[in-house]
There are 6 protein chains.
Amino acid sequence: MTEFAGASTPKMRLGTFLGVSPATTASAGQIAVIGLPFDCGTHATRIGSRQGPAAFRAMSSEVRPYYPPLADVDPRTDGKVVDLGDVDVIASNLEPSLAAMEAVIHDVVAADAVPLCVGGDGTVTLPVLRALARRYPELVLVHIDAHTDAYPGEDINTGTTFTRAAEEGLIDTRRSFHIGARGTMPVPGAYDHTRALGFRLISGEEVRQRGAAAIAAEVREVVGTRPVHLSFDMDYFDPSAAPGVATPTWGGPPVAEVFDLLHGLKGLDLVGVDINTLSPPHDVQGMAAMLAGHVAVIALHLIQLGQAEHRLNAGHR
Amino acid sequence: MTEFAGASTPKMRLGTFLGVSPATTASAGQIAVIGLPFDCGTHATRIGSRQGPAAFRAMSSEVRPYYPPLADVDPRTDGKVVDLGDVDVIASNLEPSLAAMEAVIHDVVAADAVPLCVGGDGTVTLPVLRALARRYPELVLVHIDAHTDAYPGEDINTGTTFTRAAEEGLIDTRRSFHIGARGTMPVPGAYDHTRALGFRLISGEEVRQRGAAAIAAEVREVVGTRPVHLSFDMDYFDPSAAPGVATPTWGGPPVAEVFDLLHGLKGLDLVGVDINTLSPPHDVQGMAAMLAGHVAVIALHLIQLGQAEHRLNAGHR
Amino acid sequence: MTEFAGASTPKMRLGTFLGVSPATTASAGQIAVIGLPFDCGTHATRIGSRQGPAAFRAMSSEVRPYYPPLADVDPRTDGKVVDLGDVDVIASNLEPSLAAMEAVIHDVVAADAVPLCVGGDGTVTLPVLRALARRYPELVLVHIDAHTDAYPGEDINTGTTFTRAAEEGLIDTRRSFHIGARGTMPVPGAYDHTRALGFRLISGEEVRQRGAAAIAAEVREVVGTRPVHLSFDMDYFDPSAAPGVATPTWGGPPVAEVFDLLHGLKGLDLVGVDINTLSPPHDVQGMAAMLAGHVAVIALHLIQLGQAEHRLNAGHR
Amino acid sequence: MTEFAGASTPKMRLGTFLGVSPATTASAGQIAVIGLPFDCGTHATRIGSRQGPAAFRAMSSEVRPYYPPLADVDPRTDGKVVDLGDVDVIASNLEPSLAAMEAVIHDVVAADAVPLCVGGDGTVTLPVLRALARRYPELVLVHIDAHTDAYPGEDINTGTTFTRAAEEGLIDTRRSFHIGARGTMPVPGAYDHTRALGFRLISGEEVRQRGAAAIAAEVREVVGTRPVHLSFDMDYFDPSAAPGVATPTWGGPPVAEVFDLLHGLKGLDLVGVDINTLSPPHDVQGMAAMLAGHVAVIALHLIQLGQAEHRLNAGHR
Amino acid sequence: MTEFAGASTPKMRLGTFLGVSPATTASAGQIAVIGLPFDCGTHATRIGSRQGPAAFRAMSSEVRPYYPPLADVDPRTDGKVVDLGDVDVIASNLEPSLAAMEAVIHDVVAADAVPLCVGGDGTVTLPVLRALARRYPELVLVHIDAHTDAYPGEDINTGTTFTRAAEEGLIDTRRSFHIGARGTMPVPGAYDHTRALGFRLISGEEVRQRGAAAIAAEVREVVGTRPVHLSFDMDYFDPSAAPGVATPTWGGPPVAEVFDLLHGLKGLDLVGVDINTLSPPHDVQGMAAMLAGHVAVIALHLIQLGQAEHRLNAGHR
Amino acid sequence: MTEFAGASTPKMRLGTFLGVSPATTASAGQIAVIGLPFDCGTHATRIGSRQGPAAFRAMSSEVRPYYPPLADVDPRTDGKVVDLGDVDVIASNLEPSLAAMEAVIHDVVAADAVPLCVGGDGTVTLPVLRALARRYPELVLVHIDAHTDAYPGEDINTGTTFTRAAEEGLIDTRRSFHIGARGTMPVPGAYDHTRALGFRLISGEEVRQRGAAAIAAEVREVVGTRPVHLSFDMDYFDPSAAPGVATPTWGGPPVAEVFDLLHGLKGLDLVGVDINTLSPPHDVQGMAAMLAGHVAVIALHLIQLGQAEHRLNAGHR
């Protein structure tokens, strides 16, 4: 953790993500860390991702800011990153919870800041997309997950997030990707349904065969300069690395190759990021939470590298 | 676990509670074990009691049927106990889940069997009471819990179960008890609200001072021969004994004194029992689940001792 | 878990493997899940696989039935799979325990059903082979394990299972495979001893170098249409994926490559499967148990795909 | 956690103790929560209390503000409590670390605020006492701990904290108490040495025999209206309740009786509190951290009740 | 841990119990720590006590030698205590394992040293008694356990240890005690069977009612100056204190009262001690192992105090 | 564990590493296992490696002596390996602790034995190098670690070990390697600083791209016949394999490839080895400790293979 100036000469430290300053609003160009502790969209056994944001912040003690593979600089410099805390959701009431999350994220987006959201279960991506879509009509989704979460079904739960997002027209599905689907499935035909909604589906098996670099190149090619939301489900990792998730799915890539894939997104204009499905009560010594922190450090660098590039190329939006 | 006859000479065993036979219906005089894996009424941090019934059955390997303090007999003799499995609830949808639980329990109660329910969070007691009240208009509640769960509030959650039950007239509040309230509280005046609903409130401190025997005697005196539902919240135990609960509340009685209190209910006409708030993801080596199994063995004996007494005294109902 | 029809309209669920129906016998063409909770053949430190079957069933909540890599169908359709519970063994008495296991499996095999056994330690494979050999004189073994368990020694323990099986003539050793041996060893010359018994030994290092596809192709080539028993020891996985085993052995393949190897067995005529050495007290958040469930889902598909092929090709046996 | 006003209508929450506002300074009458994550004064095996403040804040999600046994009010009302974060200490360098802690606490004390410190190991009490002694020359210590930490020895470590404090004249030893010493000991004569320094020593056995009420009455009698620092070592609890401590010491009182003892301190003029020796890596499901949170809620109430009484009786200091 | 002189000036330490010297034989007057890692007499679910001796030694880092409640001296002084390591048993073969244990203990006893044995499951007490009985024909047993382990049955397992010991005439059953039986039971009439063998049975409930001091006084009265073997089963503790045991049995006494009972045995002529049923794989942060270490420190003091008294009173034997 | 001859015919076993004999000195040609339980050089959150040596010895029950990939022989034959126990360090006092460690290791080295040290944190390598450098002026370092630990800074801590070693001229930096640096970093420019000290730095990314065999070949080429100290930091493993380390660093190689790299060092003249940063309180079921044991078995074989080769090639030193 880094430190902020305290009451006395000795520096004080507080338990925000990476020790950044707590704040109540974000301003243009800043990255705003926001916890979304909602998990009652989870129908699977392993509920508990409401504890995700707290574990994520706590285990950020195990990651550091500099990241040579992308940039040997501190992404927090000049107060670029602030921590807004958690949205106050209501466990047993889905609709008002979605509205509360959307409202907070909307304010951040409206201020030209980038939300870096931490769930909560996979339903939290829906209000994030609703808020972003109001600001970015051409929004593209890059969804990295062992499941497409674009399953058939009428209600809102962790399996229908992107079915709803597609129906609501929040994203340009033809340029949006689901990367990494694998494993056993609760229903037949889930992949066909995802494709029928217009999405591009790259299975985990395809990633293994073509390699992370090729997949990332395809994403960059298709997405171009459009504004992108990156939704990262922690169950994309193999459960040996990230046991603390809602639906552990065996057969994931080695951690280093997950990082390769994320590094390959360098240059995208990331206007939003969410990391979801971290379920601390099912975690082991904070492994998944720690790993989520590493993903978040990558995201901080990717966002800032994207800002540097697209501010020059595309002007202010 | 006991055994049932298998395909061959060697006996086979299956993972039901105490190895009793699985069944799809219960008949008169039987005790029906029913899992109620609903937990999205939990607003507190430690959600996860949907895993309660599975852990309860698994850890029943650590309890045995004979229980000298009450009766050195096997309560499962002659198929007296069956396991109906879990009701199929929907995590994110409270009302249909309550209806599904009520329907299953109603069928059991209508068959003159006694439901022994395992939650799930504290909201599951509401559908149990709704089902029992249709059959037993004079129903009395004995609620043993570190919290009264009769707090102010408009919706249905783990803190308002008995506020709703009182408003719906499901129980005779003047003869119903909340035993064991203690600890830190999220709102002021919760105890006054509970009493204003007509309930008798015996705090944990009062139990310590008067002793379990005196409290149990008062309960027997007030309740008399009326039909009783016993609702036992696992957080009545001190967290040192039962860490795996939704809202651990320090300062509970020694385990032996909890058993004393339960033993003291011998003679009541128990027509329903629920054991709730067991949260396996927050448990430690199955301690709370194991302890719930011990409470269930006590309940099996109490129910049968009550049946023996009240069948003679009060005739068949 | 799937569900079976309960007492009322709401569906009920019970804690069998994948929620299949409990049963006391199996009929022709069915797959019978059978727990073999014996572990006193374990001389190593980490005893505890007697808890394997219970953990296996419990953690089957984390796997689903459809499996696109093999078949996007539900292997449980039309009651194809039943759960017979656990054989009632006696911890401290090896011989009667082996006999009890053999008797139960014999009945299943005699009914032309396929046993899907879950241990228990590696000694449980011996009674399975004894039962199968009575029905299938040409039986071939495919043994996937970090150890060959065909060590020198006079008695029956987890290190001599296949020494005994070879001596008893239960299997065609010249067509039988030990795949995956690796790591530190308690005795010298163990691999030579295995080969001297006639077995084909493909070390873990050889799998790494040639790849899972090549190994599987060799197995299919050698085995042909003969009836096969697949014995899968959970310690074939690296301990980072499956910590809960009796003899964790570092340096195993990535999980996805283990699945590749198993997928490559498609087309074999599997007449028996056992998954052993799962030691829940040494597991972490049920990881190894969950992974055993995934292996079992693969096995369900492999067995049925094999049945479809060999029933047409080879007629009923 | 309670909440503070966020960027939008929906309330935001941050991971401070009990959700109070983060701050960089404290003002008169406030209670300032301060983390002291230093643990290299620990010579015992179980080092790790540097993680104490973080775990303490995280697990404060499991305690609530109202506390009927003392006062059914919210001690956080009107911003009475703030969280200053952690002092930035240097693990391997004792002296500068002590100085840094003392400096921060001095500023708080100088502002007429009350420090509520969370360790860190038992050495952190020394800089707290040094800071308090500069402001309160008549300072009295009430030390509740399974060990007196007033052992012979020349250097500064967790066993010599109060030897040093006595030698430096920081406290009035004749009116200061060590309550609760028990268990196995690393050296002979430790209790005699403690008494030789002038301290009053009440062993754990004496507490058991006389009862918490009698002990508390004696403390109130001896201390009178003098300013008091309460130092509470988490190992005073039995390890069954608080496993996550540096030197677990069996035979402690039931949790309810620890609370009785603390409740009995009502009326003392508490000018400082520290809770130490919480060692999260050795804790179990956050039990000890949760319990430390309960002790802190008691402390918040005791401090405010003391302020109410002594502001009237003794005037402003 | 204490230290022994190493290769250089700096002292070296080794992982024996309390850091005592490793040895291969014991001499007159010494206390010999011996591990008995046999657990295949366990029919219950929680096997694993073969790991008991290793955990016991490892966690002895958490206990200290001085013990003011009995004697503020170091029982290791003058090499009074040595650690002989573990007997080399064979998991799956009961009879040779019993013989190996008996042979080692016999040598210790024959040398007039006192064996302090650590199991292993409850069957290990049988070879200890067999070895002691050869030397002490008047041997008396004091067995502290939540179960009498004197159940009906023909073979040797953890439930029949004292049935066998009584039949073999190893102990004077009329002066031997089973203290602490409680909880649920697998068979009816177990207590009657125990008494029918001649034993004195004091239930856990009786200990609660009469108090530890009264029970200890009765034991001292009945036993007198006869040589005594103390067999202590770790499940006498409540599972909240000692979760890591084979058959956790709820409702045990507070830890401090267990110590009271043991302290009350001061003055007995202890010629053997065993501490059994510690099951590390089911333990939590080493709690039960640590507690076993505390019991062993008490035993070291009791043995030496007994030696001091009986050597004067009764002369050498 | 192997065994040594006990008091009686039955063999006894003691908890040394792999059951080798405990000893107080080492003689020429022997390998001396030495624990270095110092960890207060750790500034990161996860302190606790003082428990490393104990966990390492305990979990050596999970590794075996024979190792076919290098040599199918027992490296312990003829008393080649002894266990000296742990050096007695002082947690809070760096300098005397370093001196104590250096003194013990110096005696071992002076006797022409090879120290196999187990930390403790990364600072323990400094006294090992100081002791070795006095005997081997041409000493070369091969450091395998996710961090170079050759960071800028004035004091001695886990990040400056090799900065100090370079400044003190203990090793030939131009022929010394840091292999495996990866991940997030606390400071900028750390890799440049390492290279500026003269070291060869091969990043983890470079290992991935070139392969373990190529890297090992380069090391052998550069090092030649010079005496080598191998320092192996457990965090070189991915945290999915070795969670119990001080600074878990995601993205490490599969375990099998770590072994490949170590196997590739066959032929080097290893005169010292240390394995550090094992932090048991943060470990999971002893995984990292077990893995450290496997590394140590490899080291035993590498040392003896090196001795065989260099004793012939280079004569006795």
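Letters A, B, ... mirror the listed sequences (proteins, then strands); counts begin at 1.
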- Query: Does a donor on one side chain and an acceptor on the other come within less than 3.5 Å for Thr158(D) and Asp121(D)?
  - Reply: no

- Heavy-atom side-chain proximity of Leu230(D) to Leu265(D) below 4.5 angstrom: yes

- Within residues 238-251 of chain D, contacts to chain E at heavy-atom distances under 4.5 Å involve Asp238(D), Pro239(D), Ser240(D), Pro243(D), Ala246(D), Thr247(D), Pro248(D), Trp250(D), Gly251(D)

- Message: Within a 6.0 Å radius of atom CD on Glu154(D), are there more than 12 heavy atoms belonging to other residues, nucleotides or ligands?
- Response: no

- Task: Name all residues meeting the salt bridge (Lys or Arg N to Asp or Glu O under 4.0 Å) criterion together with Arg175(D); count only those two or more places apart in sequence or in a different chain, and write none if there are none.
- Result: Asp172(D)

- With ring centroids as reference points, do His193(D) and Phe199(D) lie under 6.0 angstrom apart? no

- Query: Which residues in residues 281-296 of chain D have a heavy atom less than 4.5 Å from any heavy atom of chain E?
  - Reply: Pro281(D), His282(D), Asp283(D), Val284(D)

- Item | Thr125(D), Val258(D), Ile179(D) screened by side-chain contact (heavy atoms from CB on, under 4.5 Å) with Phe232(D), the one that passes | Val258(D)

- Gap between atom CD1 of Ile144(D) and atom CZ of Phe237(D) - 0.5 Å precision: 9.5 Å

- Item | Largest heavy-atom contact set with chain E, pairs under 4.5 Å, which of Ala181(D), Ala44(D), Gly183(D), Ala190(D) | Gly183(D)

- Note on the structure: Rounded to the nearest 0.5 angstrom, the CD1-OG distance for Ile171(D) and Ser176(D) is 4.5 Å

- Would you mind checking if Arg57(E) and Asp86(E) are paired as a salt bridge, meaning a charged N to carboxylate O distance below 4.0 Å? yes

- Please check if any side-chain donor atom of Asp145(E) sits under 3.5 Å from a side-chain acceptor atom of His143(E), or the reverse. yes

- Note on the structure: Taking a cut-off of under 4.5 angstrom between non-hydrogen atoms, the residues of residues 204-215 of chain D near chain E are Arg208(D)

- Query: When you check the gap from the basic side-chain N to the acidic O, do Arg76(E) and Asp74(E) get nearer than 4.0 Å?
  - Reply: yes

- Would His147(E) and Asp233(E) count as a side-chain hydrogen bond (donor to acceptor under 3.5 Å, both in side chains) if you check the C-alpha gap in whole Å, the side-chain angles of each, and the deciding distance to 0.1 Å? CA-CA 9 Å; His147(E) 314 86; Asp233(E) 187 311; 5.2 Å; no

- Is a side-chain donor-acceptor pair under 3.5 Å present for His263(E) with Tyr67(E)? yes

